[in-house]
Every structure is written in structure tokens, then in C-alpha cells.
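Have a look at the structure below, then the notes.
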Amino acid sequence: MRKHISKLAMVIFFTSSATLPITAVSSTGSQSEDPTEWNFEVFLDDSKVGYHNFRLEQADDQQRLISEAEFKVKFLFVTLYKYEHENSEVWEDDCLQRIESRTNANGKKFSVRGSQGPDAFELQATDGREELARCLMTFAYWNPDFLKESELLNPQTGEILPVSVESMATESLWVRGEKIEAQRFRLQAKDMNLHLWYSKAGDWLGLESTTKDGRTIRYELT
């Protein structure tokens, strides 16, 4: 039980960073001035365990992403694991400008704060302070340009993770009762193995991961 609970927590914090207008966000990250939102219900197999909500706001040449996640894994009405995560990110030209996140993973607390300086991204996390490359990306699933990166910033711990991305088959995906043609990608990072779906316009439609013991973690748009 503990193994797949921990796996679910990893999926949640890698997605940080709602109702989705299907053509709202393109691969360039451009959008109207109205905020774009994603409301995801999170499932472990067929059991709903929580939610992960995202709100993307446009202000001049910058974008601000606010995300919030909470889930509980229960057994016989007893809470075995509780996870809470809040994250705020500011972006410009597909580069992270600022980040501030707070996480409580079943009593273990993490914090990350960083901003872009003249020559490097200055980051302070629970484990210490460091300077990173000038143009960073997190696991910004809302912007499919992040799939081109070979390294991404973990918004919960501040760790830089090598990633590999593989384009998979085009397939039909049910989204809020509507059948949509979607491109599937496989993303691997550390011990993560994720599948992501995007529409032809580059809109993020879903996320899924399989645990080592064969259980399925799934994000569904509501």
C-alpha cells in the first residue's frame, strides 16, 4: 500500500507547476486575456483520491500559473496518506521567471522559492540554495513545448531531473463526454513513467501513470 501511495504523490508534485476550453492554449503558450483553467480529478484505479487544479493568467508578456492539489488515500475509512501542494509560477518566453511552492506530503514539508537573476536562476529549496541555468522549465504540462527539454525542474524539491520523451500513437480519447483525437507522449524522469495526451492544437487533455504493482494513476478533466 505504501509503495503506490508514494507513487501517487510523485505524480502530483511533478505536475505542478480546472475547466479547459479545448482550443485555449496553443503550443506557443499564447492565449486570450481571460484566464485558462484545468480542473482535474485524480484517480487511483477506479477510486477518486483528490484533485489538481490549474489557473493560467496572461499579463502583458508574462504568464502566471497557479496550481493547487490535495488528495487522501483511505482504507476502511482510515486516512493512510494525505498530500497538499500549492505552487505559483511566472513565465516569459517559455522560461521560468519566478516560482514559489509549498508541499505537505503526509507531514513531510517542502518549500521552493526562486527567481531569475541577470546571469542565473537563483533557487532556494528545503535542502539549500543554488544557482541554475538561465532558462529553466518545470513540468509545465499545460505548455507542450516542455516536451522538447532534456532536463526539468521538480517544483516540489527544487531538484533538476533528466527526462526523456517519446512520441507515441495518435488515438481517440474521451474528454468530458467528447471523443477527441489526441497525440500520446511517454515521459520518463527518475522512476517516473508518465503518459500524456494533447489535442492537435496542443491542448493538454490528460495524464496517466502505472505503478510498479500494476495500479493506474489517472488525471481526468472535469
Side-chain angles (χ1 to χ4, degrees), residues 10-42 52-59 61-67 69 87-97 99 101 133 135-156 160-176 178-190 192-210 217-222:
M10 292 178 70
V11 172
I12 292 285
F13 71 66
F14 275 123
T15 62
S16 58
S17 350
T19 306
L20 174 65
I22 290 299
T23 59
V25 181
S26 70
S27 60
T28 62
S30 62
Q31 62 172 81
S32 68
E33 292 184 359
D34 294 331
T36 303
E37 297 183 350
W38 296 259
N39 292 322
F40 284 102
E41 292 182 336
V42 181
H52 200 163
N53 296 340
F54 299 79
R55 180 182 176 90
L56 184 66
E57 302 172 347
Q58 183 79 30
D61 295 330
Q62 291 189 329
Q63 294 168 302
R64 184 186 181 199
L65 181 76
I66 302 170
S67 65
N87 184 34
S88 175
E89 300 175 358
V90 176
W91 292 79
E92 185 174 342
D93 296 330
D94 287 343
C95 294
L96 184 66
Q97 300 299 307
I99 183 172
S101 73
C135 185
L136 288 176
M137 294 194 82
T138 61
F139 287 73
Y141 297 157
W142 53 276
N143 179 2
D145 280 347
F146 95 102
L147 296 169
K148 302 173 185 177
E149 300 297 305
S150 59
E151 293 183 332
L152 295 170
L153 174 67
N154 177 341
Q156 174 172 301
I160 297 292
L161 297 176
V163 299
S164 63
V165 178
E166 179 183 3
S167 179
M168 309 292 283
T170 300
E171 54 195 40
S172 296
L173 186 70
W174 286 96
V175 179
R176 294 180 303 169
E178 182 181 358
K179 198 173 185 179
I180 298 175
E181 290 299 309
Q183 179 67 47
R184 179 161 59 99
F185 294 87
R186 180 183 180 185
L187 184 150
Q188 294 177 292
K190 207 169 185 177
M192 299 294 297
N193 185 10
L194 302 178
H195 290 266
L196 302 158
W197 285 266
Y198 293 88
S199 72
K200 292 181 179 179
D203 309 319
W204 180 28
L205 302 176
L207 178 152
E208 189 173 288
S209 179
T210 303
I217 300 162
R218 186 175 70 258
Y219 273 37
E220 288 189 7
L221 279 170
T222 61

- Looking at side-chain heavy atoms only, is the closest gap between Leu196 and Leu147 below 4.5 Å? yes
- Will you find, in the side chains of Glu181 and Ser172, an N or O donor that is under 3.5 Å from an N or O acceptor? yes
- Note on the structure: Sequence neighbours excluded, the answer for side-chain hydrogen bond (donor to acceptor under 3.5 Å, both in side chains) partners of Ser150 is none
- Test item: Leu153 and Leu96 side chains (from C-beta on) under 4.5 Å apart, heavy atoms: yes
- Query: Can you find a pair of side-chain heavy atoms, one from Val175 and one from Leu221, that are under 4.5 Å apart?
  - Reply: yes
- Would Glu92 and Gln97 count as having a side-chain donor-acceptor pair, cut-off 3.5 Å? no
- Query: Heavy atoms, side chains only, cut-off 4.5 Å: are Val163 and Phe139 in contact?
  - Reply: yes
- Message: Can you confirm whether His52 sits close enough to Ser67 that some side-chain heavy atom of one is under 4.5 Å from a side-chain heavy atom of the other?
- Response: yes
- Within-4.5 Å side-chain heavy-atom neighbours: Glu149 and Glu151: no
- What about the rings of Tyr198 and Trp142, do their centers lie closer together than 6.0 Å? no
- Keeping the roles fixed (side chain from Trp204, backbone from Gly206), state whether a donor-acceptor pair exists under 3.5 Å. yes
- For the atom pair CZ (Arg64) and CD (Glu57), what is the distance rounded to the nearest 0.5 Å? 6.0 Å
- For Glu166, all residues meeting side-chain hydrogen bond (donor to acceptor under 3.5 Å, both in side chains), sequence neighbours excluded: none
- Query: In Å, rounded to the nearest 0.5 Å, how long is the span from OH of Tyr219 to CG of Leu205?
  - Reply: 15.0 Å
- Residue that, paired with Trp197, satisfies side-chain contact (heavy atoms from CB on, under 4.5 Å) out of Gln183, Arg184, Met168: Arg184
